[in-house]
Amino acid sequence: IVLQVRRVIGDFGVPIAILIMVLVDYSIQETFTQKLSVPTGLSVTSPEKRGWFINPLGKNGDFPIWMMFASVIPAILVFILIFMETMITTLIISKKERMLTKGSGFHLDLLIIVGSGGVAAMFGLPWLAAATVRTVTHVNALTVMSKSVAPGDKPKIEEVKEQRVTGLVVAIMVGDTLLTDIRYKPTDSHSYLDYS
């Protein structure tokens, strides 16, 4: 039973740590911690400054033409960074010993990520990336290891429960944070939700 507890803590260590720190912050009333400034409902951070759509030519159409061509250089660097992160994640997950079989679904996932990244850029939203740590942790949580192992031998992978339900649920829960009231959470525990 100790091994199962260790595995649960390993699989869910980050959410458990966030929950514990939020509870500690909530229970200690004498200490001030900065909270997120989140608008009620779904809206842009500063509606008086910009709307939902980001104009590629600038707010008043004053974006210089030369800067459009100069921005190709950082765009290539960002492309290389995201491409490398995605490919490294793919190599880690698709090792032969995992015996994964749903290759076409994996490529469809990548296609959806690329398409949604283009749409997100038009609205000034963050790009989706491979999220290496979360993805590898997810695959490890779905991996079934052999139970009968000789002393001194490493357990072998028997199978990986290939499914996309938990990934979809995680994405829905992350998206749900936009619609729920998250003001009570300390800034340090959710710095990735800072929309400013």
For Ile92, all residues meeting side-chain contact (heavy atoms from CB on, under 4.5 Å), sequence neighbours excluded: Ile88, Thr132, Val136
Between CD1 on residue Ile80 and CE on residue Met84, distance to nearest 0.5 Å: 9.0 Å
Can you measure from CD1 (Ile157) to OG1 (Thr143) and round to the nearest 0.5 angstrom? 5.5 Å
Path from Ile9 to Leu19 over hydrophobic side-chain contacts below 4.5 Å: no
Tell me whether Met87 at atom CE has more than 12 heavy atoms from other residues, nucleotides or ligands lying less than 6.0 Å away. yes
Crowded around Phe83 CZ? As in, over 12 foreign heavy atoms under 6.0 Å? no
Under a single-linkage definition using a 4.5 Å side-chain heavy-atom cutoff for Ile, Leu, Val, Met, Phe, Trp and Tyr, are Ile73 and Trp66 assigned to the same hydrophobic cluster? no
Out of curiosity, does Trp52 fall in the hydrophobic cluster containing Val119 (side-chain heavy atoms, cut-off under 4.5 Å, transitive links)? yes
Can a donor-acceptor pair be found, under 3.5 Å and without considering hydrogens, that links the side chain of Ser71 to the backbone of Met68? yes
Checking the side chain of Arg98 only, and the main-chain atoms of Ile93 only, is there a donor and an acceptor separated by less than 3.5 Å? yes
Any chance CG of Leu77 has more than 12 other-residue heavy atoms, nucleotides or ligands included, within less than 6.0 Å? yes
About how many Å separate NZ of Lys147 and NZ of Lys156, when rounded to the nearest 0.5 Å? 16.0 Å
Between CE on residue Met173 and CG on residue Leu168, distance to nearest 0.5 Å: 12.0 Å
When rounded to the nearest 0.5 angstrom, what is the spacing between CG in Asp25 and CD in Gln34? 11.5 Å
In one Ile/Leu/Val/Met/Phe/Trp/Tyr side-chain cluster, 4.5 Å: Val165, Ile172: no
Can you tell me if Ser94 uses its side chain to pair, donor with acceptor, with the backbone of Leu91 under 3.5 Å? no
Does Ser146 reach the main-chain N or O of Glu158 with its side chain, forming a donor-acceptor pair under 3.5 Å? no
Please answer: with hydrophobic residues joined when any side-chain heavy atoms are less than 4.5 Å apart, are Ile28 and Leu23 in the same cluster? no
